[in-house]
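Scroll down for the structure; my scribbles are underneath it.
Protein chains get the first letters and strands the later ones, always in sequence-line order, with residue 1 at the start of each. Values in this document were obtained by computation on a predicted structure and should not be read as measured data.
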Amino acid sequence: MKLIRTTIALLALASSAVSAMAFDREHKSLGQTFADTNCSWCHGPSLQGFTTAPRLAGQKAEYIQSQLLSLKSHKRDNPLARQVMWGPAGTVTPEVARELGAYFSSLDAEAANDGRRELAGQGQGIYQNGSAGANIPSCAVCHGPDGQGAGAIPRIGGLSYAYVKRQLEQWGQGYHASAAFPMPAVARQLSAADIDAIASYLSFVR
Amino acid sequence: MTDNSLSAGVFVMQPQSTLPGVISRPLPAARLRAVSPPAPLALAVAMLVLAMPPVVRAAEISDHPVSSGYLKGKIQYCTYCHGSSGQGYRGYYSMPRLAGQTPEYFINQMRAYAERQRQNRYMYTAAHGLSPSTRSALARHFAGLHPGANEHGPRGAAGEGRRIYQEGLPNSNIPACAACHGPEGQGSGQNPRLAGQLYAYTQKTLANWKAERTSGGSPGPASIMEPIARSMSTSQQAAVAAYLGTLK
Amino acid sequence: MTQQSLKQAMGSLTSQGAAFCIAGLSAAAVLISGALSSKPVSALPAFARQTGQPCATCHNGTYAQLTPFGRQFKLNGYTAGGTRCNDVPAVAVTPQNDVQVPLSMMVISGFTHTQKDQPAPPTNRDGFANGLKLNDNAIPVEGASIFLAGQLYCKLGSFAQVTYSRSNEAYFLDNTEFRYADKFRFGTNNVLWGLFANNNPTLDDVWNTSPAWRIPGGGWQASTFAVAPQAPLIESLGGKVGGLGGYVFVNNTFYGAFGAYKNLDRKTQNVLGQGDNPAVFDGLAPYWRLAIEKNWGDFSLMAGTFGMYASIIPDRTQTTFGDKFTDVGWDTQFQYLHGAHFLTLRASYVDEWTHLDGTFNLASGQATNNLKNHLSQLNLSATYAYNSIYSVTAGYFDVRGITDMDPNGVIPSYWTSGGTPNPSGSPNARGEVLDFGFAPWSNGGPALYPWFNTRVGVQFTHYDKTQGASTNYDGAGRNAKDDDAVWLYSWMAY
């Protein structure tokens, strides 16, 4: 019993000591504090993504905001979003969304590098030029020549192969994006091979 | 079907490819200049051609039918970038509003992109595989669209932009834009509609006028715009762009 | 002593099941939940409330099994999603619909049929008849637990469990852990680290292959009448020891945990319902756990090792020598998670070498034939879950060891509250388990009470060998397969 009480006391002391030390060292932004508690356990300790949870680091601030709000409103409805994100996003306010957007966009992003290397060249071709014959637009026109995104259009360079692939496939299956146009329609134009190639290519883009 | 290849001047025509999934390689710029020593007759013809200012004929709106399925696909293809109602879209690049554009101007630009007189690798990809009939059909489609007003630029500048648009800049020898583009920016014939155009697009186009055109000279009426664009200051360009964005 | 006490004697921390019970449901629900909410929620429901996740995100339909996200939640100190911390300004943390009370409860009801009746009326851990029948026992509350689980304050979290066992007719402090976790960046490396205090070696672990959370095993529920084979020390100390330790998880790949354990004194053991064991640790018992995990695409693969060393003086009044236990385990777990499909394959193997200086030299007489013994334990299992709702688990265990016993016919293992009667002295045992489970609210609870989930199932256990023999293992004619059991259960969580 004594050992237990002592241990709990020690741990409590340690926790407050460490928290205090943390604040002396740095003033964490609201976004960082919120993300540390609520986001990093799934999206990775430095928000670079973890298994099915996509990288958030380096993402466009406006895009983060629009996704959080569309998850809250259930507009974005792909299966994992529904299962994993609807709950936590339910209590996000526009202010929190803004803070998170600001925080995530300030972080350095690492490329996932987990696509199929042999398809990267083909993927680059489709990404940069689209395919006029197949009515596939160039992704670069909206997402930028290096996948860097713009405004509310997401940065997709370096996202994990599985994530991009799943998103494109699911739009083709009829799941909704936060914006009704154009991505679901664009994704429907893509063949499975196109998706595989694009997702592979993007995973290597820094 | 009219053949516009004479206007190509010093180019070598790209073979037209409509195979799905084939991505044509852009013509390397260097090839435009590397010419092997020509035979005397060829040289004479070449010089004759060079002496003529390249002119884009007023667009001939073709009536040849285009299959509706094919056209529908092409319209959707355009809208992915230019907006579901052709209203324009600001991505990494700014894709201009096509809705309400004059068919002649639309077709001229498509040809200019396809023939690389107006430089844009993305529009080249999009345009060079389209037959004139398709271009005409697309032009007609977008001409008939009238979506709402677009994003605006900085509102404060619109007042000055309006003044420049209607009065020109006499000190810089810049005529009133309204004289060619219409009092409400609605355009006519080869002179494009400017009303409701994306602010970022208009501004960028004015700023990069020369850079976008090949060194062979600007095609036709657009060559008028080159000194105009050059003479406008950046803030004047921005002001006019802001004003135009407010027009319906 | 009966099979009943054999099970109790092994000191298992798993609660036992009983028949189906619905009455307790609504009462407890209202008590625990706070406000009703439209959130699609559900796991330890306290964790679900805290994170806003349904059970499936961390457990995928099989209670206590962890997906990669479940592992991350535990490694981050059970505090993810918590709002009880001063450094998060009130305005930024949107009010949750409930108060994030870190309390949860579970009730296990079950019906057990064994191939042959129990040889004698079942008894509780004190040796008195507990009112259960010789066979076909329908038990409304076979086990029930209350949990303090989740964020306590800021980065301090807990998973603490108090359990009531029907067959033992007793309450005891079950698996309990307090944990503080944080992370830092070292160059381009992410280091997740934590400190823990718990009462069971390998309780800190996040894979379901080491003793405390193994499936089947500590991370599982089984019938009151399940026959547990002899287990190595590292699996037998639960609740009787206290330990402190620390861990790091570098780049979500390299895991290392180190700790030290000591026995709880007799008075504490009594208070906590853990019985009254005279053995004491000679010094501290070090514990370690190393693992490498790789996640790629839909796959997750772990390979690791764990172990502990302890020198235990069986009775200080009778000897100053300690019995030395060296346990070394090797484990691996493979997971495939794609869409609605979830497959986990697990294997673990533990070697135990014992040097029984203490028991060999008791003043009251040598209580073991051998100075040195060896025990090896193999566990293999696989679980497939569909849509986090339907699951099937198959398991296989094989325990082998050197035959030994004391003059009373008891295998020397004073951690089993008096020892296990075993006429042959052989610990060898082998068997298979097959479980079908149905957990309909893994993806979100019922509208009226969204944090609720239940797992309803049927579990078959077959024993090939018990106490060294397939036939007549107890000397009175009982065969191993006579203990074969069918257990219908309902495992409700609030």
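Looking at C142(A) and M95(B), their side chains come closer than 4.5 Å, going by heavy atoms from C-beta outward.
Taking CG of N129(A) as the reference point, atom OH of Y122(B) lies at 7.5 Å (rounded to 0.5 Å).
No side-chain donor-acceptor contact under 3.5 Å links Q189(A) and Y77(B).
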- Query: Can F181(A) and T79(B) be said to form a side-chain contact (heavy atoms from CB on, under 4.5 Å), step by step?
  - Reply: CA-CA 9 Å; F181(A) 189 84; T79(B) 62; 3.6 Å; yes

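Minimum heavy-atom separation, C81(B) to V141(A): SG-CG1, 4.1 Å. Heavy-atom minimum distance, Y92(B) versus A140(A): CB-O, 4.1 Å. Scanning both residues, Q76(B) and A185(A), for their nearest heavy atoms gives NE2-CB, 4.0 Å. Of all the heavy atoms in N135(A) and Y80(B), the pair that sits closest is O-CE1, 3.5 Å.
In terms of heavy-atom pairs under 4.5 Å with chain B, the best-connected choice from A150(A), P137(A), P182(A), S191(A) is P137(A).
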